Amino acid sequence: MKQQMIEKFKKQLQQELQEIEQQLEESERPQATELSNYDNHPADNASDLTDQLTEMAIDEHRSDHAEEIKNALQAIEDGTYGKCTECGEEIPLGRLEAMPHALTCVEHAEQREDQIRPVEEEVLSALPKSDDFEELEEFGSSDTPSDKM
């Protein structure tokens, strides 16, 4: 990759990182709309909580993206920018133009996304397998003669 293109991506990444860091600094947590929860309707409390959690999630996403940009800037400094960290092949220019912070080729990016699974799956897969419906049927249902009396 030409040094001119690398410099272009470096400027773009630095500008994007600066914008994200500024957004994180200016980010404010939504305040509760009521002074007291004593006479609040539960839906008002739920709305406030949803707003707070949404802001927290957005800030976390921004922080993660800032970290990706810092990694890309470090790759530029190391001289490895533009090469996939998994296979070492050149990352297509179109991918870098769309996502200058990309450090993997499309194939390896897709593999990474497949590896990210919800934590709950580990817990659920550790549970013994059983057919809960059959166990419940043993106790009867509204379809059994004993329930119709």
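From a predicted model like this one, the values you see are computed outputs, not experimental measurements.
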> So Glu97 and Met5, side chain to side chain contact (heavy atoms under 4.5 Å, CB included) or not? Walk me through it.
Replying inline: CA-CA 10 Å; Glu97 287 175 345; Met5 290 299 292; 4.1 Å; yes
>> If you apply the rule side chain to side chain contact (heavy atoms under 4.5 Å, CB included), what do you find for Leu73 with Phe9, and how did you get there?
In response: CA-CA 9 Å; Leu73 289 169; Phe9 289 132; over 6 Å; no
> Does the pair Lys83 and Glu90 meet the rule for a side chain to side chain contact (heavy atoms under 4.5 Å, CB included), with working shown?
Replying inline: CA-CA 5 Å; Lys83 292 186 172 44; Glu90 285 283 325; 3.3 Å; yes
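Using a 3.5 Å distance cut-off with no hydrogens or angles, the side chains of Gln18 and Gln14 do not pair a donor with an acceptor. At a cut-off of 3.5 Å, with distance as the only test, a side-chain donor of Glu16 or His65 sits close to an acceptor on the other residue. Side-chain contact, Gln52 with Asp48: no donor N or O sits under 3.5 Å from an acceptor N or O.
Not a single donor-acceptor pair under 3.5 Å links the side chain of Tyr81 to the backbone N or O of Lys10. Arg62 places no side-chain N or O within donor-acceptor distance of the main-chain N or O of Ala57, the cut-off being under 3.5 Å.
Between Ile91 and Cys105, the shortest heavy-atom contact is CG1-N, 4.1 Å. Minimum interatomic distance between His101 and Leu13 (heavy atoms only, all atoms of both residues): N-CD2, 3.8 Å. Heavy-atom minimum distance, Leu96 versus Ala102: CD2-O, 3.8 Å. Shown here for Ala75 and Leu103, the closest heavy-atom pair between the two residues is CB-CD2, 3.9 Å.
Taken to the nearest 0.5 Å, the SG atom of Cys84 stands 8.0 Å off from the CD atom of Glu89. How far CG of Asp59 is from CG of Asp64: 11.0 Å, rounded to the nearest 0.5 Å. Rounded to the nearest 0.5 Å, atoms CG (Leu49) and OG1 (Thr54) are 9.0 Å apart. The NZ atom of Lys70 sits 10.0 Å away from the CD1 atom of Ile20 when rounded to the nearest 0.5 Å. Taken to the nearest 0.5 Å, the CD atom of Gln12 stands 8.0 Å off from the CD atom of Gln15.
Under a hydrophobic-cluster definition in which Ile, Leu, Val, Met, Phe, Trp and Tyr are linked whenever side-chain heavy atoms come within less than 4.5 Å, directly or via other members, Val106 and Met99 are assigned to different clusters. By the criterion of side-chain heavy atoms lying less than 4.5 angstrom apart, applied directly or through intervening Ile, Leu, Val, Met, Phe, Trp or Tyr residues, Leu17 is not grouped with Ile58; the two fall into different hydrophobic clusters.
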